[in-house]
Amino acid sequence: MLRCGLLGEKLGHSYSPAIHALLGEYTYKLYEKKAHELPEFLTAGDFDGLNVTIPYKKAVIPYCDSLSESAARTGAVNTLVRRADGTLYGDNTDVYGFSYLLESSGIDATGKKALVLGSGGASAAVCAALGDLGAASVIVISRKGENHYGNLDRHADTDLIVNTTPVGMYPENGAAPLDLTAFPNCRGVLDVVYNPLRTALVLQAEELGIPCDGGLLMLAAQAKRSSELFTGKRLDDGIIERVYKNLLETMENIVLIGMPGSGKSSTAKLLAERTGRMPADSDEEIVRRSGMSIPEIFSKYGEEEFRRRESAVLKDLGKRSGIILSAGGGCVLREENYGYLRQNGRIVWIYRDLDALETEGRPLSLGTDLREMFRRRSALYERFADIRIENNGTLEQTAEKIEERLVIR
């Protein structure tokens, strides 16, 4: 069996082994190597094929006996194949992956001015793909040089923006390389980052109504092309969508919001049991971190302090992947919480008739007219949510409806 894997300096939790398990019959390992370890590993390592990631896409080139046209053109290699004679062949499947992402997104680069953020290996692949797909001009923005982040105003007429930097990538979620409102002509935004699924840049594009996408589909497409190079066998393009959907269903959180007492926590626990996902509850996490109950927090510090603690918890929980998250009833009161929940999640509004809401142990519910609370919050629930599910029957019925609407495994 072929021996393949991913080469990088710090790999952490990588989705590559799971992806390649769907693509071909070969082993796939993670190879974390320091720079000084590269020479021995690349010349004598026990591998037949490798994907290459940060920071070695350029560093591996001197060890290649030959390069593909795309690797030579971009000056970056993200796929290595050891040939029968022991020599290494270098290719760049990021060009293919980004081209697939761009075309699938429905964003047309033809005749457009494109701004590419970053000047590393991924940037070179994106620039090559944009040129192939007919972009009129491609401007690379780096920290130094003629075009940099200090003179972005000269490119306010940009039509398409692509981020190839790690800005906004896990664990530094929430950061954005620029403000899209400075580009009134922008009609497309793509971010090669796939964790989180929706970076702050993509979330802002969504808010502004600009067509956009993250890097998960590019990851699946370039992996398919790498697998073909490893095995020498062609794969149908349909497998890209299957891998993408598998990744999305694995990585995306299901977030439950709604009025206090609407059954979010119970529904989340049942969904977790049915799907094998991990449950998480923001109120329970607040209690754990604070060492006191929620009524005690309200009594001692007031609602504003509780909301601050709630946002801090949602910021952390929202970075996780593949969980069922029950969020507090008032989480919609802070706009910043939307980004925390949406970055990796689809948001479900759990609705229960007001007369059926549970109020015991809920300080705001006990001291407030629930109809007035609902009147203030209903538009916010609707703004946050991707779908609304009624929870006026059994929990099993509610869980089934969520699974059916979201197609959860």
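The structure displayed is predicted, hence computed values, not measured ones.
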Do the charged groups of Asp48 and Arg3 touch, with an N to O distance under 4.0 Å?
yes

Side chains of Ile402 and Thr267 in contact at under 4.5 Å (non-hydrogen atoms):
yes

Arg320 atom CZ, over 12 foreign heavy atoms within 6.0 Å
no

By the definition salt bridge (Lys or Arg N to Asp or Glu O under 4.0 Å), identify the one residue from Lys269, Arg289, Lys264 that meets it with Glu284.
Lys269

Considering only heavy atoms from C-beta outward, does the side chain of Glu335 approach that of Leu380 to under 4.5 Å?
no

Please identify which of these residues, Asp94, Thr74, Asn92, meets the side-chain hydrogen bond (donor to acceptor under 3.5 Å, both in side chains) condition with Lys57.
Asp94

With a 4.5 Å cut-off on side-chain heavy atoms, are Ser123 and Val126 touching?
no

Minimum heavy-atom separation for Ala128 and Val95, please, with both atom names.
CB-CG2, 4.3 Å

Pair Arg346 + Glu252: basic N to acidic O under 4.0 Å:
yes

Taking the side chain as every heavy atom from C-beta outward, state whether Trp349 and Glu382 have any atom pair closer than 4.5 Å.
yes

Among Lys319, Lys315, Gln343, find the residue that satisfies the side-chain hydrogen bond (donor to acceptor under 3.5 Å, both in side chains) test when tested with Asn173.
Gln343

In terms of the angle between their ring planes, are His20 and Phe230 parallel, tilted or perpendicular, with boundaries placed at 30° and 60°?
tilted

Under 6.0 Å from the six-membered ring centre of Tyr351 and within 45° of its axis: does the NZ or CZ of Arg388 meet both?
yes

Could Lys401 and Glu404 be called an ion pair, given the rule that one side-chain N must be under 4.0 Å from one carboxylate O?
no

Please determine whether salt bridge (charged side-chain N to carboxylate O under 4.0 Å, His left out) holds for the pair Asp132 and Arg73, giving the CA-CA distance in whole Å, both sets of side-chain angles, and the decisive distance to 0.1 Å.
CA-CA 12 Å; Asp132 292 343; Arg73 182 159 53 125; 3.0 Å; yes

If you define the side chain from C-beta out and look only at heavy atoms, does anything of Arg187 sit under 4.5 Å from Ile107?
no

Using 30° and 60° as the class boundaries, would you call the ring planes of Tyr194 and Tyr15 parallel, tilted or perpendicular?
perpendicular

Testing Leu102, Val189, Leu190 for side chain to side chain contact (heavy atoms under 4.5 Å, CB included) with Asp213, which one passes?
Leu190

Please work out whether the ring planes of Phe384 and Tyr338 are parallel, tilted or perpendicular, with thresholds of 30° and 60°.
perpendicular

Do Phe306 and Tyr301 have ring centres separated by under 6.0 Å?
no

Heavy-atom count check: over 12 atoms from other residues, nucleotides or ligands less than 6.0 Å from Tyr89 OH?
yes

Flag yes if more than 12 heavy atoms outside Glu25 fall under 6.0 Å of its CD atom; otherwise flag no.
no

Looking at Tyr381 versus Phe374, is the centre-to-centre ring distance below 6.0 Å?
no

Is the number of heavy atoms from other residues, nucleotides or ligands under 6.0 Å of Arg143 CZ greater than 12?
no

Would you mind checking if Arg234 and Glu228 are paired as a salt bridge, meaning a charged N to carboxylate O distance below 4.0 Å?
yes

Is Ile257 close to Val348 at the side-chain level, that is, under 4.5 Å between some pair of heavy atoms?
no

Does the pair Lys300/Glu305 count as a salt bridge with the N-to-O cut at 4.0 Å?
no

